[in-house]
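This structure is a prediction, so every number in the text was calculated from the model and none was measured.
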Amino acid sequence: MDKLIEEEVTAKKKKKTYLLIFISLLILASSIWLIRYYFKPSLTTADVTTAKVETGIIENTINATGEVLPEFEEVLTSPISASIKEVLLDAGKKVTKGQSILTLDKSLSQTEYGKLQFQMESKENEIRKLKLDLEKSFFDIKSNNSIKQLRISNFKDAVSSAKRLLKAGGGTKEDVERAELDLKVAELEKLQLENEIKSKQQTMKIEIREAEIALAIQRNDLDALKRKLDLANVTATRSGVVTWVNKNIGSSVHEGDALVRIADLSGFKVAGSMSDNLLDKIHNNMTAIIRIGDTQLRGSIVNISPAVSNSIVSFDIQLNQKDSKELRPNQKVDVFLVTDTRNGVLRIANGPAFNGSNLQEVFVLKNGKAERRTVKTGLSNFDFIEIISGLKLGEEVITSDMAEYKNTQTITINN
């Protein structure tokens with residue numbers, strides 16, 4: 001009997017334990033259901049940003065950086081080695097063509113100019129003296145040549161006389177041969193002198209030409225230095241705005257050092273740069289979008305630098321509206337290069353809700369609720385994302401960051 005009573009008590013305890021477990025599970029499930037029913041996640045319209053699906057153009061872009069530069073900028077350099085004497089205009093000042101901006105101390109160059117003048121006068125005197133000496137030498141040679149001609153005439157008469165005497169029996173054959181020999185010697189001496197005259201004429205021309213070339217070189221050096229001295233009063237070659245000037249009065253500058261930059265601020269361009277990993281995606285005439293705050297300007301790539309520096313490739317963008325009031329010199333801007341364009345597609349404003357993946361989880365507003373939905377996207381840029389599937393025209397989507405609701409299917413939206 002005791003054994004039967006013990007088994008009965010044990011069975012009752014097991015049933016009681018199973019009942020308590022069942023009741024606990026039932027209460028837990030009910031609590032979870034009540035919490036989910038009465039405490040559904042909710043948001044207000046002020047907590048989120050939304051956008052409606054629309055049709056339009058979508059442009060796929062790649063990002064780059066840019067700097068606004070004047071379309072025309074001139075750098076005025078020092079024409080001579082000198083020191084800065086006076087600065088007449090500061091950066092930011094407007095300047096007209098021919099207006100003086102900066103002056104240099106020209107004393108050293110003026111001394112050099114005077115030295116070159118004396119050297120050139122000395123060379124001119126040297127040429128005149130050379131001509132006189134050569135003319136005198138030439139005159140002496142011509143005089144000797146005339147004397148040789150007279151001697152030849154005399155020797156010819158002597159030969160004729162010796163032949164007549166030999167024929168008349170008053171002379172000898174040796175006398176004739178001697179006279180003929182003297183004539184030949186005189187003729188050879190005259191021929192030698194004539195050759196010397198020709199050589200002297202050629203030498204005269206060469207020496208005079210060499211002296212004239214040396215003089216011409218000195219004259220060119222003098223003229224070049226004169227032009228540099230004239231440019232030492234640094235003046236604007238065209239109207240514009242002084243964007244930079246070397247204001248270190250008294251400091252030494254070398255020939256070719258930059259002194260002033262003048263820009264024409266009536267038109268601007270953009271100098272762009274990006275990683276060389278994307279070099280194969282850009283080309284000349286490629287459409288570019290320039291973003292300055294809320295303003296967008298358009299242009300096109302007109303030049304791509306063939307050199308890569310520190311893994312960065314540079315390019316120039318010509319703007320369609322290069323005189324926009326939003327543009328400022330050296331202003332940093334965002335650049336978007338258009339790689340593809342599609343017309344008449346479904347699109348929606350870009351926002352933090354989109355992470356760049358082709359398949360996106362977004363919340364669609366409908367009847368006061370936000371329902372999770374998977375959408376497929378296509379092209380994208382800073383402003384819009386193409387919707388390939390999952391959304392319809394006119395539907396409203398939450399575009400703000402919804403990462404904290406990644407496990408929620410429905411959210412209540414309160415006004």
- Task: Heavy atoms only: give me the nearest Lys392-Glu395 pair and the separation to one decimal.
- Result: N-OE1, 2.8 Å

- Message: Do Leu319 and Ser324 have side chains that approach each other closer than 4.5 Å (heavy atoms only, starting at C-beta)?
- Response: no

- Message: I'd like to know if the side chain of Gln360 and the backbone of Asn355 have a donor-acceptor N/O pair within less than 3.5 Å.
- Response: yes

- Short question: side chain of Ser400, backbone of Pro352 - any donor-acceptor pair under 3.5 Å? no

- Message: Would the distance check show the side chain of Arg373 and the main-chain N or O of Gly390 forming a donor-acceptor pair, the cut-off being under 3.5 Å?
- Response: yes

- Item | Arg328 (side chain) donor-acceptor with Lys325 (main chain) under 3.5 angstrom | yes

Side chains of residues 305-317: which donor-acceptor partners sit under 3.5 Å, not counting sequence neighbours?
from	atom 1	to	atom 2	distance (Å)
Ser305	OG	Ala307	N	3.3
Ser305	OG	Ala307	O	3.4

- NZ/NE/NH1/NH2 to OD/OE distance under 4.0 Å, Lys332 and Glu67: yes

- Query: Sequence neighbours excluded, which residues qualify as ring-ring contact (aromatic ring centres under 6.0 Å, His included) partners of Phe72?
  - Reply: none

- Minimum heavy-atom distance Lys281-Met286, with the two atoms named: O-CE, 3.3 Å

- Distance-only side-chain donor-acceptor flag, Ser239 / Thr96, under 3.5 Å: no

- Task: Take Asp383 and Asn381 through the test side-chain hydrogen bond (donor to acceptor under 3.5 Å, both in side chains) and record every step on the way to the result.
- Result: CA-CA 5 Å; Asp383 296 310; Asn381 57 35; 5.5 Å; no

- Return each pair, listed once, that meets salt bridge (Lys or Arg N to Asp or Glu O under 4.0 Å) where at least one residue sits in residues 248-265; pairs must be two or more places apart or across chains. Lys228-Glu255, Arg238-Asp264

- Note on the structure: So the ring pair (Phe, Tyr, Trp, His ring centres under 6.0 Å) pairs with at least one residue in residues 242-283 (sequence neighbours excluded) are none

- Query: With under 30° as parallel and over 60° as perpendicular, where do the rings of Phe336 and Phe382 fit, or are they tilted in between?
  - Reply: tilted

- Message: According to salt bridge (Lys or Arg N to Asp or Glu O under 4.0 Å), does anything in residues 74-84 pair up with another residue at least two apart or in another chain? List the pairs.
- Response: none

- Query: So which heavy atom on Ala236 is nearest to which on Ile262, and how close?
  - Reply: CB-CD1, 3.7 Å

- Note on the structure: Between Ile292 and Gln331, the two heavy atoms sitting closest are CG2-NE2, 3.4 Å

- So, for Glu54 and Leu393, which heavy atoms are closest and what is the spacing to 0.1 Å? CA-CD1, 3.5 Å

- Query: Are Glu73 and Lys269 close enough for a salt bridge, meaning some N to O gap below 4.0 Å?
  - Reply: no

- Query: Can you check whether Ser380's main-chain N or O pairs, donor with acceptor, with Asn60's side chain at less than 3.5 Å?
  - Reply: yes

- Message: What's the separation between atom CD in Gln321 and atom CD in Gln296, rounded to the nearest 0.5 Å?
- Response: 12.5 Å

Which donor-acceptor pairs under 3.5 Å do side chains of residues 87-94 form with protein atoms, sequence neighbours excluded?
none

- Query: What pair of heavy atoms forms the shortest contact from Thr408 to Arg372, and how long is it?
  - Reply: O-NE, 2.9 Å

